[in-house]
Protein chains: 2
Amino acid sequence: MSLRSALLALLRIGPMSGYELQKQFSQSVGHVWHAPDSQIYPELKKMANDGLITAEEQARGSAGMRKLYHVTKAGQKAFTDWMDKPLKYQRTRDAAHLKAAYLESASDGAVREFLESHIEHWQNELECWEDEIAAIEAETSPMLVRRLAAIPESERTTSVAYKRFAYEGLADRARSEITWARRGLDLVRELER
Amino acid sequence: MSLRSALLALLRIGPMSGYELQKQFSQSVGHVWHAPDSQIYPELKKMANDGLITAEEQARGSAGMRKLYHVTKAGQKAFTDWMDKPLKYQRTRDAAHLKAAYLESASDGAVREFLESHIEHWQNELECWEDEIAAIEAETSPMLVRRLAAIPESERTTSVAYKRFAYEGLADRARSEITWARRGLDLVRELER
DNA sequence: TTCACCATGTAAGTTGTTACATGATTCC
DNA sequence: GGAATCATGTAACAACTTACATGGTGAA
């Protein structure tokens with residue numbers, strides 16, 4: 001259901017094609033909720049079937065085609081319903097921490113490599129999110145600018161504040177993972193003695 | 001592949017039935033990697049087919065039955081291979097932060113409820129993990145005790161240290177989520193003015 | 001003309017969710 | 001005799017992954 005909500009959230013900014021949505025999912029929103037194109041196109045079709053969006057078919061050139069999706073009233077409602085109803089939390093499934101619990105069974109080099117690549121992974125994530133925060137603050141994020149233009153002035157502060165808040169949470173998480181893995185490297189050194 | 005590795009990790013402690021494994025997945029390991037029984041039983045069958053484990057059938061009473069699963073050499077290898085090869089990180093899919101980014105579209109009460117239930121959720125998780133850490137330190141965790149009895153003394157410190165390290169990472173994450181959501185509640189108050 | 005980008009998908013397989021389904025044993 | 005717990009699954013569905021498959025447009 002979250003993919004659907006993420007798509008609705010983007011389409012509420014303005015009508016978009018599957019391709020444009022897909023671009024967003026490989027950039028901005030994609031850093032919060034990832035989805036490949038092979039999931040996006042079928043989902044859009046299903047959403048159109050369910051009446052949440054409508055496809056406006058446009059010709060491009062002589063033979064090219066594209067479908068611009070618009071959110072319907074039912075779609076708006078589906079989105080605000082999702083916003084207003086409590087989130088269902090998934091039970092934990094954390095491969096890195098599962099592996100960490102059995103690190104005594106890994107070969108010497110593998111432990112260090114694991115921790116170092118954990119740091120690298122989360123440092124990349126952190127960078128993405130810090131860039132997003134910077135773009136939000138500077139209001140250079142194209143989607144945010146479009147969204148802000150479409151809503152009354154009174155809501156703009158709130159909108160920016162929550163977006164920033166969301167990405168800060170993700171950045172916090174990344175920092176926490178990095179700190180943890182660094183402590184792991186200290187632990188390895190300690191255990192070696 | 002992580003479910004398989006988690007099952008192998010447990011079975012390396014000693015032969016167990018599907019039922020016992022399932023119990024572990026609803027307690028200790030289940031707090032790191034969740035799996036329902038409907039996933040465990042078929043996976044055990046597949047693992048037996050793949051030669052990673054063997055089932056020892058035991059009668060209980062007159063008509064009762066149970067299968068004790070043992071790890072084979074191939075299973076041992078599969079586990080250490082998983083330990084030694086780098087983890088593939090899943091791309092981010094975080095419903096709570098996705099929702100947070102669009103909180104300006106939620107009704108007034110829903111924002112607070114969302115943040116409060118986020119805190120509640122992560123406080124529950126934190127409690128589980130802190131209990132696990134306490135059990136690891138006191139060496140009262142039955143699985144850990146069994147494992148420690150089966151390995152040479154020299155490895156015991158390492159084994160305990162990594163287990164503790166893993167759960168501390170999860171606890172850190174929970175704390176980070178709680179701090180974030182609390183900051184969110186502050187933000188709501190600020191925006192109300 | 002060729003390359004980057006626009007544009008839209010299908011297909012097969014794996015993993016995970018939710019609900020259903022059944023029966024034995026042990027302890028009180 | 002009844003409840004908790006032991007014990008093992010199936011079925012239908014939803015979500016996600018990986019790989020494949022195709023063709024148009026626009027600019028250098």
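By convention in this document, chain letters (A, B, ...) are assigned in the order of the sequence lines, proteins followed by strands, and residues within each chain are numbered from 1. When reading the values below, keep in mind they use all heavy atoms of this one structure, side chains included, and skip hydrogens, waters and symmetry mates.
- Between B:V188 and B:L103, every side-chain heavy-atom pair lies at or beyond the 4.5 Å cut-off.
- Checked against side-chain hydrogen bond (donor to acceptor under 3.5 Å, both in side chains), A:S159 has the following partners two or more places apart in sequence or in another chain: B:E104.
- Distance B:R66 CZ to D:dT5 P: 17 Å, rounded to the nearest Å.
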Each nucleotide of nucleotides 17-28 of chain D classed B (base within 4.0 Å of a protein heavy atom), S (only sugar-phosphate) or -, in 5' to 3' order, makes SBB----SS---
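- Put simply, CD on B:E20 is 15 Å from P on D:dG9, counting in whole angstrom units.
- For residues 31-90 of chain A, the ring pair (Phe, Tyr, Trp, His ring centres under 6.0 Å) pairs, not counting sequence neighbours, are A:Y89-B:H118, A:Y89-B:H121.
- Among pairs with a residue in residues 65-84 of chain A, those fulfilling salt bridge (charged side-chain N to carboxylate O under 4.0 Å, His left out) read A:E20-A:R66, A:K77-A:D81, at least two apart in sequence or across chains.
- B:A134 pairs by the side chain to side chain contact (heavy atoms under 4.5 Å, CB included) definition with nothing, not counting sequence neighbours.
- For the pair A:L7 CG and D:dC16 P, the computed distance is 11 Å after rounding to whole Å.
- A:R112 pairs by the side-chain hydrogen bond (donor to acceptor under 3.5 Å, both in side chains) definition with A:E192, not counting sequence neighbours.
- Per the geometry, NZ belonging to A:K23 stands 6 Å off P belonging to C:dC6, to the nearest Å.
- For the pair B:M16 CE and D:dC6 C1', the interatomic distance rounds to 16 Å; values are reported in whole Å.
- Nearest-nucleotide mapping onto DNA chain D: of B:Y69 and B:Y19, the residue sitting toward the 5' end is B:Y19.
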Would you give me the side-chain donor-acceptor pairs under 3.5 Å for residues 161-168 of chain B, sequence neighbours excluded?
from	atom 1	to	atom 2	distance (Å)
B:K163	NZ	A:A101	O	3.2
B:R164	NE	B:E168	OE2	3.0
B:R164	NH1	B:E137	OE2	2.2
B:R164	NH2	B:E137	OE2	3.3
B:R164	NH2	B:E168	OE2	3.0
B:Y167	OH	B:S28	O	3.4

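- Within the structure, the ring pair (Phe, Tyr, Trp, His ring centres under 6.0 Å) test picks out no pair touching residues 131-153 of chain A (sequence neighbours left out).
- Between C:dG9 and A:K67, a contact under 4.0 Å exists linking OP1 or OP2 to a side-chain N or O.
- Applying a 4.0 Å cut-off to non-hydrogen atoms, the residues of residues 40-55 of chain A that approach DNA chain C are A:Y41, A:K45, listed by residue number.
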